[in-house]
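Read through the structure below, which is laid out as structure tokens, and then see the notes.
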Protein chains: 2
Amino acid sequence: MTRRRGEIPLLLAMTYRAMTEALHDRIAAEGREPLRPAHGYTFRLLLDHADVTSVDLADHLGVTKQAASKIVAELEGWGYVERRPHPTDGRARVLALTDKGHAYVRHADEMWAEIEDRWAAVIGAQRLDDIHHDLRAYVDEVAGGRAVLRPVW
Amino acid sequence: MTRRRGEIPLLLAMTYRAMTEALHDRIAAEGREPLRPAHGYTFRLLLDHADVTSVDLADHLGVTKQAASKIVAELEGWGYVERRPHPTDGRARVLALTDKGHAYVRHADEMWAEIEDRWAAVIGAQRLDDIHHDLRAYVDEVAGGRAVLRPVW
DNA sequence: GCTGGTAGTCAATCAGGTTGACCATCTTAG
DNA sequence: CTAAGATGGTCAACCTGATTGACTACCAGC
């Protein structure tokens with residue numbers, strides 16, 4: 001045991017920050033709208049689940065529905081997302097990616113691939129797969145799957 | 001390659017949040033002052049380096065010196081840290097842990113050990129050591145050691 | 001012994017969240 | 001069928017923790 005106690009969360013934070021900043025820099029260099037991590041996690045949720053509402057998004061991000069609603073309003077204003085009437089619930093709106101949204105997601109995946117590959121080049125692809133597995137294990141098994149996205153500072 | 005692109009940062013964020021929240025819950029349960037991650041990273045910096053100033057802290061945390069100064073003021077008010085005159089520089093103050101600060105760090109290390117051990121129980125101690133090593137590798141070699149702590153949301 | 005740079009503080013402002021109140025709609029018990 | 005409670009969404013007020021900008025006091029180098 002050479003690890004120092006409490007150093008793991010610190011390294012998680014630094015790595016998270018460095019990776020998201022790498023993407024952010026590229027987005028900024030392209031002159032794109034100021035997309036933040038929360039926007040990216042929104043896209044991912046919409047890709048994986050059908051009939052997502054603002055409340056669903058709020059749960060996923062770990063913020064209030066008002067905050068989630070604001071994020072959706074931004075994305076809608078920029079043309080990445082649109083709000084459609086919910087098929088069965090008259091109160092609710094269903095969120096969906098527009099063509100621009102889908103195109104961005106494909107582009108972002110390529111940029112993430114490059115960022116992750118730079119890491120894999122140092123530690124090896126197998127180790128990166130291990131990390132993926134082990135992080136998932138903490139979230140699901142130790143934190144009980146109740147884990148939420150928004151970082152606390 | 002079964003990994004989905006961009007999922008690694010998402011898992012980093014969720015794990016970071018879940019781990020820090022686990023510690024935060026215990027601190028709150030003890031009725032202690034509302035210490036946040038930034039305070040913990042401050043303690044760690046003071047343990048590792050002598051003659052740390054508020055500006056040094058600001059660099060380390062990735063915030064402005066004004067924000068760092070506010071964090072120091074809180075810690076000083078709670079009795080965890082004190083500001084002493086700098087040995088050679090009349091403008092600067094040197095930050096140092098008080099006895100209470102040192103006692104808390106020891107206590108926090110025990111709590112971190114329990115949290116990390118719960119993870120190690122699922123994935124194995126060797127894998128946790130690997131993760132430590134690999135995160136450090138990203139920060140140092142991919143991000144060029146310029147990595148900063150404060151997460152962006 | 002000027003001149004430019006640095007540590008720290010004060011004050012104003014901003015961003016991104018929260019809380020609370022409210023309406024419209026859905027759901028369920030009786 | 002209906003009354004009562006729960007839920008999705010919006011509006012507005014506020015809070016926290018950051019930033020920017022201006023300023024003072026001190027340091028360092030020519």
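Sequence lines set the chain letters: A, B, ... in the order given, protein chains first and strands last, and positions in each chain run from 1. Heavy atoms only: backbone and side chains are in, while hydrogens, waters and symmetry mates are out.
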To the nearest angstrom, how far is [X] atom [atom1] from [N] atom [atom2]?
X: Lys70(B); N: dA12(C); atom1: NZ; atom2: P; answer: 14 Å
X: Gln66(B); N: dT6(C); atom1: CD; atom2: P; answer: 15 Å
X: Asp51(B); N: dA7(C); atom1: CG; atom2: C1'; answer: 14 Å
X: Ile71(A); N: dG16(C); atom1: CD1; atom2: P; answer: 9 Å
X: Arg91(A); N: dT27(C); atom1: CZ; atom2: C1'; answer: 8 Å
X: Leu57(A); N: dG17(C); atom1: CG; atom2: P; answer: 11 Å
X: His39(A); N: dG17(C); atom1: NE2; atom2: C1'; answer: 13 Å
X: Arg93(A); N: dT25(C); atom1: CZ; atom2: P; answer: 12 Å

Exercise for the section: Examine the side chains of Glu33(A) and His39(A) and answer whether a donor and an acceptor come within less than 3.5 Å of each other. Expected result: no
Practice task
Considering just the side-chain nitrogens and oxygens of Thr53(B), establish if one lies under 4.0 Å of OP1 or OP2 belonging to dG8(C).
Solution key: yes
Handout entry: Contact under 4.0 Å: Trp153(B) side-chain N or O vs dG16(C) OP1/OP2
Key = no
Practice task
Check every strand shown and say whether Thr64(A) touches a base, only sugar-phosphate, or nothing at a heavy-atom separation below 4.0 Å.
Solution key: base
Handout entry: salt bridge (Lys or Arg N to Asp or Glu O under 4.0 Å) between Glu7(B) and Arg136(A), intermediate numbers included
Key = CA-CA 10 Å; Glu7(B) 210 164 8; Arg136(A) 172 61 65 193; 3.8 Å; yes
Problem - Of Arg83(B) and Asp89(A), the one whose closest DNA chain C nucleotide lies more 5' - result: Arg83(B)
Handout entry: Most 5' of Val94(B) and Lys65(A) on DNA chain C, judged by nearest nucleotide
Key = Val94(B)
Problem - Salt-bridge criterion met for Asp48(A) and Arg4(B) (N-O under 4.0 Å) - result: yes
Problem - Carboxylate-amine/guanidinium proximity below 4.0 Å for Asp117(B) and Arg5(A) - result: yes
Side-chain heavy atoms of [X] within contact of [Y], under 4.5 Å:
X: Thr15(B); Y: Trp119(B); value: yes
X: Glu116(A); Y: Arg3(B); value: yes
X: Met19(A); Y: Ile8(B); value: yes

Completion exercise
Rounded to 10°, the helix from dG1(C)-dC30(D) to dG30(C)-dC1(D) deviates from straight, judged by its five-pair end axes, by 30°
Problem - Nucleotide range of DNA chain D lying under 4.0 Å from chain A heavy atoms - result: dA6(D) to dA18(D)
Exercise for the section: For Asp99(B), look at atom CG and say whether over 12 heavy atoms of other residues, nucleotides or ligands are found less than 6.0 Å away. Expected result: no
Practice task
Indicate, with yes or no, if the rings of Tyr16(B) and Tyr16(A) have centres closer together than 6.0 Å.
Solution key: no
